[in-house]
Each structure stands twice: as C-alpha cells, then as structure tokens.
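Reading through the structure tokens given below for one structure.
Note that the structure is a prediction, hence the values are computed from the model and not measured. All values below come from the heavy atoms of this structure, side chains included, with hydrogens, waters and symmetry mates left out.
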Amino acid sequence: MPTPISELMQLQAGTNDSDWGTVMALSSKLMGIATAEFTPAHTAEMLAEIRGTVHPGYVSKVNHVEGAAKISGEVTYEDFPYWLDAALGTSAVTADTESTRSWTASPDWASSDPQPKIFTLGYGSTIGSAQYVGMPGATLTKLVVKGETGANLTFDAEFFGKEVASSDGSLAALSDRAVLPVLGASGSLAIDVSSDAVGTTAVTATAFSFELTIDTKRAPVTHLGSLVPQGYKHGKFEADLKLVVEMTSDMVTLFNQVIDPNVTSVNAQRVVQLSFSVTSDATSDGTPRSLVFQFAGVMLEKPVAFGDKDGVVTAELMFKGIYNAVMGSWFKATSRNGVAVLP
C-alpha cells in the first residue's frame, strides 16, 4: 500500500442545530481548507493507591472524554458563512439571486435569537487505507480572521465537540464546489467616532493588515452519569481588532488622541468597517460577492510609537470590543455570495 499523504485528506461537515452531539450525515466538502487537526481530549489517570510495592500502578481509568479541532484555511465568499453561523448564530438568507446574509452578535442568546450552527466534522481520506475521524457536536469557540496587502484573507477556527472517534460517521462522496477567495486587494477601510454611523468615513491608502479575533468563551457541559459532554454553555464574548496602518495625517490625529494621558473612554472608541467585494463581471455566475465586518472597539492599550512596514512609518491600533449604541451591538457582519442554501 502506498504511504498516505496529507494532500489526499479532506474535511467535510454536516449540520446539527437541534440535537447537540448527534452524528449527522456529512453534506458539504469544505473548500479552501489548509490544515485540520483533531484531538481526542481524554482525561485519564492511574489510580493512586498503596499495595506494598513500588510498581507504577495497577489500575487506570478514563474520567472524561471530549473532542477538539483546529481548522485553518482561506476565507472564501461561499464558505465563510459557515463559520459566521457557528460564531454568531445561523443567519437567514434573502430570497434573491445575491443571497445576502447578516449577523449581529447576540447580547444574551435568548431563545428567539439565531443560535450557533453546530456541526459534525469529518476528516480523512478515501484513498488507500481510508483514514477517518469524526467529531459530532462541533461547537465553535474561537474565530480569527487575518488579512494583509498582497494576500488572501485567512482564518483559524477552534472547536470542541462530544468526542473524536473513527466510528462517528464516514466521509461522503461529495463534489468540489467553485469558490472565490477574498483578497486583501479588494478591501476597504472606514473608521468613525463612536457617535457616528459605522462606514461613514472612508480611510483610503492607509491600512496594511488587520487581525480580527472573536472568542465566544463557549464550553462543554457534562453531568453526572455521562463520560462525554451533553451540551454546551455560552460565555461572555471577548474580541479584538488589530489594524496596522500607515501614519497618514488622519492616523496621526487619531494616534495623538489615544496616546494623550488624559484621553477619555469615548475619545478612545471607534467604529471600524472592513469591507471586501468583487463586481459581477469578476465572478463565474455573474453574481457580485461581498463580505463586510463592522466592529465597535475601544483602545485600552496605547499604540507603540512607531512601527515600520518596508520602510513606511506605521502604527498598530488595538481595539477591544465594546457595545456601541449606534450599532446596537459590538459586531456585525454581512455576506453576499449567490449561494441560496449552504450545502
């Protein structure tokens, strides 16, 4: 048998929004995946006892079983809604050819709010010895999105789940799908004071890179009588947005405001919009694509004076997520991709 190689692996997903931990049939072969790592997170130990010997032990036991997964890859217009659904709740889609979805971070996860999309994730290969592991109840804990000039946007996603086991499902015969990567070159930036509508003031020819981190603080819940988790609980969101920008005159003004020792909380707050889009003539199906992030943040950390990007003077602005009354939240996102139903 030929030696298994990583290039023959694939990642598939099936959705399960109502019955956490149930193994679901895999329905989508995920595109743009660069790496996947699945960890059976068992808690096991040797029984501590005295038996009149110095042998290492006699009895081992498993106390708890759960699963963990880390996924990284390219942000695409077609597949990134999976991860936004997992982070912020499953979005409805507009009934038109552009298929627009919108997300707003929930303040309390009320039953009337859209709930996070839960997956069964399957990872393996159908070639040769047909390696496979599955993780039902895959629940997103952290999502990181990065972008910079001259490159595609990338993401890192972390999940916990009920368990990781070769018996939890099997890869399905699923086809590749056409996807369009989101490019840094198609992006735009707007930064406004907290009292203004997000996206009002475009900041052009300024940003070099960004990194958005959303930590949901979700955790599995296990009760007496079960070895594996039986559900999950929400936590209090933590979020950061880091921007590396050229020290233009506008950025100098912002920089001077936030390094002022007497700066007020309001003066340190901004609403930021990162928008990426392609027109209809740049897509194979004639449908325009877009992906927009809106973030309300406060600069609790003073930016370092100064940074360098290929000889250009820069500043690194770090925003912590904070509720904004104008936005009615701290984070919103919008996707338009022409995909009426996520497979």
Side-chain angles (χ1 to χ4, degrees), residues 72 75 83-84 87-88 105 141-151 153-158 182 184 187-196 198-217 235-276 291-327 329-333:
S72 64
V75 175
W83 313 132
L84 290 172
L88 302 169
T141 57
K142 181 182 288 187
L143 180 64
V144 179
V145 187
K146 302 176 184 178
E148 61 181 320
T149 55
L153 271 62
T154 62
F155 77 91
D156 299 287
E158 298 180 14
V182 182
S188 62
L189 171 68
I191 302 177
D192 291 280
V193 296
S194 60
S195 58
D196 287 351
V198 62
T200 300
T201 306
V203 180
T204 58
T206 299
F208 287 114
S209 65
F210 78 93
E211 181 173 325
L212 169 66
T213 301
I214 299 174
D215 191 343
T216 70
K217 298 296 182 181
K236 188 173 185 177
F237 279 113
E238 287 187 8
D240 300 294
L241 176 61
K242 181 173 70 175
L243 298 175
V244 176
V245 295
E246 180 181 335
M247 286 296 286
T248 61
S249 57
D250 288 339
M251 292 301 101
V252 168
T253 299
L254 175 58
F255 181 87
N256 290 340
Q257 286 179 342
V258 298
I259 65 169
D260 182 345
N262 299 314
V263 64
T264 65
S265 173
V266 172
N267 286 340
Q269 292 183 34
R270 292 293 186 276
V271 286
V272 180
Q273 177 171 287
L274 288 157
S275 180
F276 304 87
L291 181 63
V292 179
F293 304 126
Q294 296 178 335
F295 187 94
V298 59
M299 283 178 279
L300 300 179
E301 300 177 15
K302 304 295 186 182
V304 175
F306 294 97
D308 176 273
K309 169 67 174 176
D310 299 328
V312 177
V313 178
T314 63
E316 184 176 290
L317 308 178
M318 178 65 79
F319 297 91
K320 302 288 290 186
I322 189 171
Y323 176 79
N324 178 267
V326 178
M327 281 180 57
S329 183
W330 60 270
F331 184 77
K332 294 184 177 183

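Ring pair Phe276/Phe293 is perpendicular by interplanar angle, where above 60° counts as perpendicular and below 30° as parallel.
With values rounded to the nearest 0.5 angstrom, Leu241 atom CG is found 9.5 Å from Glu211 atom CD. A distance of 12.0 Å separates CG in Leu317 from NZ in Lys302, rounded to the nearest 0.5 Å. Note: Leu88 CG to Trp83 CH2 = 14.0 Å, rounded to the nearest 0.5 Å. In this structure, CD on Glu238 lies 12.5 Å from CD1 on Ile214, to the nearest 0.5 angstrom. To the nearest 0.5 Å, atoms CE (Met318) and NZ (Lys242) are separated by 5.5 Å. Atom-to-atom distance recorded for Met247:CE and Leu254:CG is 8.5 Å, nearest 0.5 angstrom.
More than 12 heavy-atom neighbours from other residues, nucleotides or ligands sit within 6.0 angstrom of NZ on Lys332.
For Val244, the side-chain contact (heavy atoms from CB on, under 4.5 Å) partners two or more places apart in sequence, or in a different chain, are Phe208, Ser209, Thr314, Glu316.
Side-chain atoms of Asn324 come within 3.5 Å of backbone N or O of Ser194 as a donor-acceptor pair. Although no hydrogens or angles enter the test, the distance criterion places a donor-acceptor pair under 3.5 Å between the side chain of Thr206 and the main chain of Thr204. Of the possible donor and acceptor atoms, one in the side chain of Thr141 sits under 3.5 Å from a partner among the backbone N and O of Glu158.
Across every non-hydrogen atom of Phe295 and Asp240, the tightest pair is CZ-C, 3.9 Å. Across all non-hydrogen atoms, the minimal contact from Leu153 to Gly184 is CD1-N, 3.8 Å. When all heavy atoms of Val326 and Asp196 are compared, the pair lying nearest together is CG1-O, 3.9 Å. Of all non-hydrogen atoms in Ala207 and Leu189, the two that sit nearest each other are CB-CD2, 3.7 Å. The shortest heavy-atom contact between Val203 and Ile191 is CG2-N, 3.8 Å.
Checked against a 6.0 Å centroid threshold, the rings of Phe306 and Phe255 count as neighbours.
A salt bridge does not link Arg270 with Asp192: every distance from a Lys NZ or Arg NE/NH1/NH2 to an Asp or Glu carboxylate oxygen is 4.0 Å or more.
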